[in-house]
Amino acid sequence: AGGLLLLTGYGLMSAGTFVWTGLPAGDWKWLYEALPLIVVGIVIREWLLRGVALGIFLRAMRPGTAILSAALLSVVIQALNPPSGFNVPDPDADGIGFLLLKMIGMRLADPRVLLVELLPVFAMGCVLGYARWRTASLWLPIGLGLGWQSAHLIFEKAAKPVPQTDEVASLLSGLELTQGLIPLAAVLVTCALVYFLTQRETDDAHEAA
């Protein structure tokens, strides 16, 4: 999963939407220091979303609906993050929470935000949920999430986005490696790989049962 995402990043650099700036000094020391936090964050996220939430949905819904519901929950969580560049001059001021909700609502009303930023998140949530359902385990979703997050961190440190004035180009690629319709295609390829790699294992388990 991480390799496909980095390969996508290489293609985006070749297309001129990102420019290579080089990895930080200290070789890979910064990555080794960040990995423990990444692993802990991924494990907690997958346990909550694909373990607890998806487990509850699977008991109440069909598998497809449950996977989509868990993916939609991950989109809601992502959408609740403060908009980029949002600064709070006085966190104790009256109405600051409503101001934040207003800005989030304005972002969600933008079709470009939905297509470029949130649609890939939804697709990733579907892949992770599908992997959890196919294997009845959290290990594959954790591995996929770790691969994506590590690739995203490496690319973020080594490349910078080039602002796109063309409307179509801005839809194909966003300001991060996981944004845009081209990275979405890499996620869909990962989904196909998950399907084929887990098919025999799942079918054998069903036959044994």
Side-chain angles (χ1 to χ4, degrees), residues 1-6 8 31 34-84 86 97 100-101 103-105 107-108 113-156 174-181 183-199 201-202 205:
L4 282 173
L5 204 56
L6 288 175
T8 301
L31 181 59
L35 270 179
L37 292 177
I38 294 176
V39 172
V40 171
I42 293 295
V43 169
I44 293 176
R45 185 192 71 185
E46 294 309 308
W47 177 73
L48 290 174
L49 288 177
R50 255 61 64 173
V52 177
L54 182 56
I56 294 173
F57 293 150
L58 284 172
R59 288 174 174 84
M61 311 172 184
R62 294 179 180 273
T65 307
I67 292 171
L68 293 176
S69 299
L72 186 60
L73 180 60
S74 64
V75 172
V76 171
I77 295 174
Q78 178 71 22
L80 290 178
N81 289 330
S84 178
F86 179 73
L100 178 60
L101 289 176
M103 294 188 68
I104 292 174
R107 288 183 70 245
L108 295 179
V113 172
L114 296 176
L115 287 174
V116 176
E117 298 183 23
L118 298 183
L119 184 58
V121 174
F122 179 74
M124 288 180 178
C126 290
V127 175
L128 295 172
Y130 180 75
R132 187 268 195 224
W133 174 68
R134 290 283 289 186
T135 61
S137 170
L138 288 176
W139 288 115
L140 183 54
I142 289 174
L144 291 171
L146 182 59
W148 278 327
Q149 188 63 33
S150 299
H152 179 271
L153 180 61
I154 293 171
F155 194 80
E156 184 180 42
L175 299 178
E176 298 180 7
L177 181 57
T178 54
Q179 295 180 356
L181 299 182
L184 173 63
V187 174
L188 297 179
V189 172
T190 303
C191 183
L193 291 175
V194 170
Y195 172 78
F196 287 111
L197 291 175
T198 60
Q199 188 173 21
E201 177 184 347
T202 304

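Scope of the values below: all heavy atoms of this structure, side chains included, with no hydrogens, waters or symmetry mates. Sequential numbering from 1 along the given sequence is applied to the chain's residues.
Between the CG atom in L31 and the CG atom in L153 there is a gap of 6.0 Å [rounded to 0.5 Å]. Going from atom CE of M124 over to atom CG of L119 covers 10.5 Å, rounded to the nearest 0.5 Å. Rounded to the nearest 0.5 Å, atoms OG1 (T190) and CG (L197) are 10.5 Å apart. To the nearest 0.5 Å, atom CD1 of residue I67 and atom CG of residue L58 are 7.0 Å apart. Taking CG from L118 and CD from Q179, the interatomic distance works out to 9.0 Å, rounded to the nearest 0.5 Å. Residue L68 holds its CG atom at 12.5 Å from CG of L73, rounded to the nearest 0.5 Å.
The shortest distance between side-chain heavy atoms of R134 and L140 does not fall below 4.5 Å.
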Review item, side-chain donor-acceptor pairs of residues 42-57, under 3.5 Å, at least two apart:
| from | atom 1 | to | atom 2 | distance (Å) |
| --- | --- | --- | --- | --- |
| E46 | OE1 | R50 | NE | 2.8 |
| E46 | OE1 | R50 | NH2 | 3.4 |
| E46 | OE2 | R50 | NH2 | 2.9 |

Kindly determine whether Y195 and C191 satisfy side-chain contact (heavy atoms from CB on, under 4.5 Å), including the steps that lead there.
CA-CA 6 Å; Y195 172 78; C191 183; 5.8 Å; no

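Of all heavy-atom pairs between V121 and E117, the closest is CG2-O, 3.3 Å. Counting all heavy atoms, side chain and backbone alike, G2 lies closest to A151 at O-CB, 3.5 Å. Residues A123 and L184 come closest through the heavy atom pair CB-CD1, 3.3 Å.
For residues 146-156, every residue pair satisfying the side-chain hydrogen bond (donor to acceptor under 3.5 Å, both in side chains) rule, not counting sequence neighbours, is listed here: H152-E176.
For A185, there are no side chain to side chain contact (heavy atoms under 4.5 Å, CB included) partners, not counting sequence neighbours.
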